[in-house]
Amino acid sequence: MRAALWLLSLFALAVAGAWLAGHNNGTVAFFLSPYRVDVSLNLVLLVLGGVVLVVVLAQQALSALLSLPKQAQRWRVQQKERAAHAALLEAISHFMAGRFLRARKAAQTVLDKEALLSEAGMNLDHAVSLRTVAHILAAESAHALQDTGLRQQHLDQALLQANQADAADRQTLTEGAHLRAARWLLDDRDAQASLAQLKALSPAVGRRMVAMRLQLTAARLAGQPAQALDTAALLAKHRAFTPEAADSLVRGLIMEWLTHVHDPEATQGVWNALSPAQRSMPDVAAEVVLRFMAQGGSASVARQWLLPLWPQLLAVPVKWTADQRVRFVRALEASLADVEAVDARQWLARVETAQQAQPRDALLQYLSGMACLRHQLWGKSHNLLTQAVKGLQDAELRRRAWCALAELAEQRQDSIAATQAWKQAAQV
């Protein structure tokens, strides 16, 4: 549309000029004593237009001539700037290719070229960012070459240069330098220093995915499973891992945390610190209860922890793996040792009801048999354990069942049955 309007305008000007040239009969008289010169008005207008055009062209030519030194200086700055950028790209390329020595030399070349520009009074708008990035890249290369002294020098220079940048660039460059420093310290196996670098960042930066991943690794390396568990939970919430990987990581961190506690109060503190989703993991709950009972904890408290998971054990179809069901049964068996508690009879009735609802479940037969044994229901315990040993797949539970049958036989003074049961237990 714009081109059509321009074309119409040109046609209009051409028509107007042709009409004016054909219908303008005026003249212009010039008196140069003793002469008189008569010139047509069209010629005068044409000459005036030519004079104006010549003056404008002369002015532009003079301006171009006078601007040649500035253009030459600008060209030199551009060439040196392009050379510095080319050296930076070369350093990045060498670093990606694993040529760390060449990358460090190329990064130093960037710094040298930028320094020459500054000495010549040719300051780049992004000079601070260029120097900072070059120092960080040189530090990366020095880190790969295990030159910690040179790495620290370039890191200090990068932070110093970043502080000279504008507010927005300063924040970005400083955060990047601290994150890279935290990564380097992790590679050096210095977890405490890495955590200190991460703590120097603002809370907003600390919630970024890369910072949380570094914090998770550093906390695990520093032997701080509680902090690592909190970080892993945040990463799982932000979908940094697949659900399966997140559950496995959280489960492993809880198990690692449990290895650092050695008394029932501390174990109970670990359980209270877990989230409801973490407490619903059967293997986690079983491990906590087993350690809690081994440390002399209250069986009644342990049963309260396992009660919310009891319906999941009985779910049909089965939602837990075989190992999870075995671990949970072992934990529940350990918690049923306190037969004098108020809720002990309730648990006995609960286990018997579940076994009667699923009479072919070997784990429930074993659990019900051991519960009856604790409550001195010898006959019922013998029948249930005799059925359980035929279907139990876990060697440890099968061995414990045979040992219980041997004890029952000894109480009946049936030496032959006791000997046979002990023999079976030894062969498991």
Side-chain angles (χ1 to χ4, degrees), residues 225 229-230 232-258 267-268 270-294 299-336 343 346-372 384-385 387-401:
L229 181 60
D230 293 339
L234 287 175
L235 285 170
K237 182 179 179 181
H238 289 83
R239 298 182 181 179
F241 313 106
T242 61
E244 295 78 10
D247 290 343
S248 178
L249 176 61
V250 169
R251 187 181 297 109
L253 289 173
I254 295 174
M255 300 301 181
E256 182 181 348
W257 191 3
L258 289 173
T267 304
Q268 188 170 2
V270 171
W271 177 261
N272 294 333
L274 299 180
S275 65
Q278 294 166 355
R279 294 179 186 178
S280 64
M281 296 180 178
D283 38 7
V284 170
E287 184 66 23
V288 173
V289 168
L290 287 173
R291 289 182 178 271
F292 184 68
M293 295 302 299
S300 178
V301 173
R303 289 194 294 269
Q304 293 177 4
W305 295 348
L306 297 176
L307 181 58
L309 282 78
W310 172 252
Q312 300 182 30
L313 177 68
L314 309 178
V316 179
V318 178
K319 298 181 179 179
W320 293 351
T321 64
D323 183 65
Q324 289 175 336
R325 299 184 82 240
V326 168
R327 293 287 294 175
F328 187 83
V329 167
R330 289 184 58 189
L332 187 55
E333 176 197 352
S335 68
L336 295 177
D343 62 335
Q346 296 177 356
W347 268 101
L348 176 61
R350 187 178 291 118
V351 171
E352 287 182 336
T353 302
Q355 190 276 324
Q356 292 173 5
Q358 301 181 28
R360 296 184 179 180
D361 193 327
L363 288 176
L364 292 179
Q365 291 173 352
Y366 169 82
L367 184 59
S368 181
M370 297 301 289
C372 291
L384 290 170
L385 292 176
Q387 297 175 13
V389 291
K390 299 176 182 179
L392 286 174
Q393 301 297 323
D394 183 72
E396 176 64 21
L397 292 184
R398 194 162 61 250
R399 184 187 65 81
R400 293 171 65 88

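The figures here come from the full heavy-atom set of this structure, side chains too, leaving out hydrogens, waters and symmetry mates. Source: prediction; values computed, not measured.
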Checklist outcome for this item: dist L235:CG -> L249:CG (nearest 0.5 Å) comes out at 8.0 Å
Item to check | Pairwise side-chain contact, M281 with L274, heavy-atom cut-off 4.5 Å (strictly under) | outcome: no
Next on the checklist: To the nearest 0.5 Å, what is the distance between CG on L385 and CG on L392?
Outcome noted: 9.0 Å
Checklist entry - Can you name the closest pair of heavy atoms from L364 and A354 and give their distance? => result CD1-O, 3.7 Å
Checklist entry - Are the side chain of S248 and the backbone N or O of A245 linked by a donor-acceptor pair below 3.5 Å? => result no
Next on the checklist: Could you measure the distance from the CD atom of Q355 to the CD atom of Q387? Nearest 0.5 Å is fine.
Outcome noted: 7.0 Å
Item to check | Carboxylate-amine/guanidinium proximity below 4.0 Å for E333 and R330 | outcome: no
Checklist entry - Closest heavy-atom contact between A236 and A246? => result CB-CB, 3.7 Å
Checklist outcome for this item: Taking every heavy atom of L290 against every heavy atom of A334, the minimum-distance pair comes out as CD2-CB, 4.2 Å
Next on the checklist: I'd like to know if the side chain of E352 and the backbone of S368 have a donor-acceptor N/O pair within less than 3.5 Å.
Outcome noted: no
Checklist entry - Going by the angle between their ring planes, with limits at 30° and 60°, are W271 and W305 parallel, tilted or perpendicular? => result parallel
Checklist entry - To the nearest 0.5 Å, what is the distance between CD1 (I254) and CD (E256)? => result 11.5 Å
Item to check | Contact list for residues 278-287, test salt bridge (charged side-chain N to carboxylate O under 4.0 Å, His left out), sequence neighbours left out | outcome: R251-D283, E287-R291, E287-R327
Checklist outcome for this item: Here the gap from L314 atom CG to D361 atom CG, rounded to the nearest 0.5 Å, amounts to 8.5 Å
Item to check | Closest contact, heavy atoms only, W320 versus L309 | outcome: CH2-O, 3.5 Å
Next on the checklist: Please find the pair of heavy atoms, one from F328 and one from P282, that lie closest to each other, and give the distance.
Outcome noted: CD1-O, 4.5 Å
Item to check | Nearest atoms (heavy-atom pairs only) where V250 meets A232 | outcome: CG2-CB, 4.5 Å
Checklist entry - With a 4.5 Å limit on heavy-atom distance, are the side chains of F292 and L258 in contact? => result no
Item to check | Approximate separation, where rounding is to 0.5 Å, of L336 CG and R350 CZ | outcome: 10.0 Å
